[in-house]
Amino acid sequence: THFHFGVALAELGRWPEAAEHYAQALSINPRNAEAQSNWGVALFHMSDNAAAIEHFDEALRLKPDSPDVHYNQGLALAALGRTNEAAAHYTEAVRLNPEHSGAQLNLGVALGQTGRLPEAIGHLEQAARLRPDWPEAQTNLATALSQAGRIAEALSHYEAALRLRPDDPRAHYNVGYALLASGRRSD
């Protein structure tokens with residue numbers, strides 16, 4: 001079916017072709033929430049965030065209790081700089097599935113960007129607990145802790161990110177910065 005072809009093409013990163021198959025699937029069954037959502041994901045990967053949002057809106061109309069659609073809607077909104085709207089969708093994704101590490105991470109980032117640092121740290125800690133092997137979770141948590149003046153805690157998370165991605169120059173920079181900020185110049 002067109003839907004399954006779209007999924008296979010998406011797994012290969014062939015987003016324009018995947019989008020065409022999702023469109024075909026929706027011409028056969030316009031009430032297919034997964035096809036709407038997947039078409040939105042394809043458009044997001046093609047940097048057509050406004051169109052992606054329309055498809056996520058339709059997917060949510062058809063299936064309002066999908067944490068993944070709320071999460072993807074948040075990503076598209078964030079890409080357009082609509083941080084507060086993105087945070088609302090991440091919040092709903094987390095409400096529907098507290099174990100959604102991506103939603104926890106991006107909600108934490110969005111809350112941090114809107115000045116709600118204590119709440120941001122809570123969600124970033126949850127993301128790091130859910131996926132301790134995820135360098136982005138460690139780095140974003142460390143950055144928020146650093147902004148809150150909790151340098152020693154930040155350093156441990158920057159070091160965790162460095163262990164996970166030892167070839168990342170940003171991870172080395174972040175550890176060095178945290179060491180300097182904590183007064184440990186000789187380390």
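Values reported hereafter were calculated over all heavy atoms of this structure, with side chains retained and with hydrogens, waters and symmetry mates removed. Counting from 1, the numbers follow the sequence of the chain as shown. From a predicted model like this one, the values you see are computed outputs, not experimental measurements.
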**OP:** Measure from the side-chain N and O atoms of Tyr173 to the backbone N and O of Asp168, and report whether any donor-acceptor pair falls under 3.5 Å.
**Re:** no
**OP:** Indicate yes or no for a side-chain donor-acceptor contact from Thr91 to the backbone of Ala87 under 3.5 Å, with no hydrogens or angles considered.
**Re:** yes
**OP:** Give the minimum heavy-atom separation between Pro98 and Gln126, together with the two atoms involved.
**Re:** O-NE2, 4.0 Å
Original post:
Is Ser37 reaching over with its side chain to a backbone N or O of Glu34, donor-acceptor style, under 3.5 angstrom?
Top reply: no
Original post:
Between Tyr71 (side chain) and Ala103 (backbone), is there a donor-acceptor pair under 3.5 Å?
Top reply: no
**OP:** Say whether, by atom type as modelled, one donor and one acceptor occur between the side chain of Asn97 and the main chain of Ala93 under 3.5 angstrom.
**Re:** no
Original post:
So, the side chain of Gln104 versus the backbone of Glu99: is there a donor-acceptor pair under 3.5 Å, distance only?
Top reply: no
Original post:
Honestly curious: do Leu145 and Trp134 fall in one hydrophobic cluster under the side-chain, below-4.5 Å linking rule?
Top reply: yes
**OP:** Find out if a path of hydrophobic residues (ILVMFWY) with successive side-chain heavy-atom gaps under 4.5 Å connects Leu130 to Ile121.
**Re:** no
**OP:** Decide yes or no for Arg82 and Ile53: does some side-chain heavy atom of the first lie under 4.5 Å from some side-chain heavy atom of the second?
**Re:** yes
Subject >> Side-chain (Ser156) to main-chain (Glu153) donor-acceptor, under 3.5 angstrom >> reply: yes
Subject >> Identified side-chain hydrogen bond (donor to acceptor under 3.5 Å, both in side chains) counterpart of Gln36 within the set Glu54, His55, Arg31, Glu58 >> reply: His55
Original post:
Would Tyr22 end up clustered with Phe56 when hydrophobic side chains under 4.5 Å apart are linked, directly or stepwise?
Top reply: yes
Original post:
Under a 4.5 Å cut-off applied to non-hydrogen side-chain atoms, are His157 and Leu124 in contact?
Top reply: no
**OP:** Indicate yes or no for a side-chain donor-acceptor contact from His123 to the backbone of Val109 under 3.5 Å, with no hydrogens or angles considered.
**Re:** no
**OP:** Determine, step by step, whether Leu43 and Asn49 satisfy the side-chain contact (heavy atoms from CB on, under 4.5 Å) criterion, reporting the C-alpha distance in whole Å, the side-chain angles of both residues, the deciding distance to 0.1 Å, and the verdict.
**Re:** CA-CA 7 Å; Leu43 291 165; Asn49 295 304; over 6 Å; no
Original post:
Will you find, in the side chains of Asn72 and His89, an N or O donor that is under 3.5 Å from an N or O acceptor?
Top reply: no
**OP:** Please examine the side chains of Val69 and Lys63, heavy atoms only from C-beta on, and report whether any two atoms are closer than 4.5 Å.
**Re:** no
Original post:
Any idea which heavy atoms bring Ala78 and Tyr90 closest together, and the distance?
Top reply: CB-OH, 3.8 Å
Subject >> Which residues share a side chain to side chain donor-acceptor pair (under 3.5 Å) with Thr143, sequence neighbours left out >> reply: Tyr158
Original post:
How about Glu85 and Leu80: do any of their side-chain heavy atoms sit closer than 4.5 Å?
Top reply: no
Subject >> Neighbour count >12 (heavy atoms, 6.0 Å) for atom CZ, Arg150 >> reply: yes
Original post:
Residues in salt bridge (charged side-chain N to carboxylate O under 4.0 Å, His left out) with Arg95, at least two apart?
Top reply: Glu92
Original post:
Can you name the residues that form a salt bridge (charged side-chain N to carboxylate O under 4.0 Å, His left out) with Glu20, not counting sequence neighbours?
Top reply: none
**OP:** Following the transitive rule for hydrophobic clusters with a side-chain heavy-atom cut-off under 4.5 Å over Ile, Leu, Val, Met, Phe, Trp and Tyr, establish whether Phe44 and Leu77 coincide in one cluster.
**Re:** no
Original post:
Among the clusters formed by ILVMFWY side chains lying less than 4.5 Å apart, do Val41 and Phe3 turn up in the same one?
Top reply: yes
Subject >> Side chain proximity check, Gln24 to Ile28, heavy atoms < 4.5 angstrom >> reply: no
